[in-house]
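First the structure, in the form of structure tokens, and then the observations on it.
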Amino acid sequence: MTTDYYALLGVARDAAPDEIKRAYRKLARELHPDVNQDPGSQERFKEVTAAYEVLSDPEKRQMYDLGGDPFHAGGGFGAAFDFGDLMDAFFGGGGRRRGPRPRMSRGQDALIRMDVDLAEAMFGTSRDIQVDTAVLCQACSGAGTAPGTQPATCAMCKGRGEIQSVQRSFLGQVMTARACPQCRGFGSTIPHPCVECSGEGRVRTRTALSVAIPAGVDTGTRIQLSGQGEVGPGGGPPGDLYVEIVQEPHPVFERRGDDLHCSVQVPMTAAALGSSVTLETLDGEESLEIKRGTQPGSVLTLRARGVPHLRGTGRGDLYVHLDLVTPTRLDDEQEEILRRLAQLRGEEGVTLVVAEQEASASGGLFSRLRDAFSGRTTG
Ligand SMILES: [Zn+2]
Ligand SMILES: [Zn+2]
């Protein structure tokens, strides 16, 4: 946001010093607060004066011509104009903070992964874990200095934290600034570092934590433990610890979102005659009624027997897929009974007759036809 000082004074960019002075005097006579009481004019008077202060000083004018704005550069007007900002503006490094950087800064966030089984994910649990982290150095309370000693102003940068150098470039002579190698930009050094932390203000250690895992977590869920991350350099405030959940697959129940699915094998006879089975769910035993005449592909739904919703209330459902099992080995007596049954039902030969209503009602015409065809070709 560089103000166009030439436009403010109404002079060309190559105006001679005399022209600039004349233009300023003329404007100042019009706009001076003693003469003109209009608040807008007073504001303009300040701007025009600022423009004159820059353009009447050959050094500042040159800086300004290179694209810098002495009023908005670090240090303000009157301080040494810093070309680091100008270079940043040209080369996209903008926004870099000037001056020494603080020794104390916030610690990093940490991420750990935690395996939980389905029951833990469903009902929540609490886990005691050990984490490698950094904690405040008790010996120096984060200062990094040995007892009774103080940091010293860096001799190389005189406490500025940066080293400036003049370089020639296509822009002319420019000044660049880089972090002081002696103090790494802190502006001070620690001549007598704390022996416990070597001047870092924090020490690495292993700490024990108890993590509460809420009901409903899933793979990818992150639990944020505020302030349980590493203590920052110089004893700075700690970051956060994130625990990322990895839910192990369950041998029986497959999780899809908050719903659970499982399969139960139902013998052909039980499907035909009806039966009940006991299913061991994560909530305990559930009695399932297999209705008389249960068809292949049937699914029983147990409402709210799935995973609790992590956000909000309620639970997903448990879907029990019924796999009808046809016997593969029949002893003589069983075979005889089945043959007799087939005879009684008139099912000795596979027929292609499909009842029109039945087919359209169940929508299974093609699957029935396919079964009939395969039955004919293989049987
Ligand atoms: Zn220490
Ligand atoms: Zn230094």
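Order of appearance sets the numbers: ligands from 1, and atoms from 1 within every ligand.
- For the side chain to side chain contact (heavy atoms under 4.5 Å, CB included) with Leu241, the lone residue among Ile223, Leu111, Thr133, Leu209 that qualifies is Leu209.
- If you put the vertex on the Zn ion (ligand 2), SG of Cys183 and SG of Cys154 sit 120° apart, to the nearest 10°.
- Remark: Glu47 CD is packed, more than 12 non-hydrogen atoms of other residues, nucleotides or ligands lying under 6.0 Å away.
- Residues Asp65 and Tyr6 have side chains that bring a donor and an acceptor to within less than 3.5 angstrom of each other.
- Classification of Glu254 and Arg256 as a salt-bridged pair holds, one side-chain N sitting under 4.0 Å from a carboxylate O.
- With the Zn ion (ligand 1) as the vertex, atom SG of Cys197 and atom SG of Cys137 span an angle of 110° (nearest 10 degrees).
- Annotation: angle subtended at the Zn ion (ligand 1) by Cys194 SG and Cys140 SG is 120°, to 10°.
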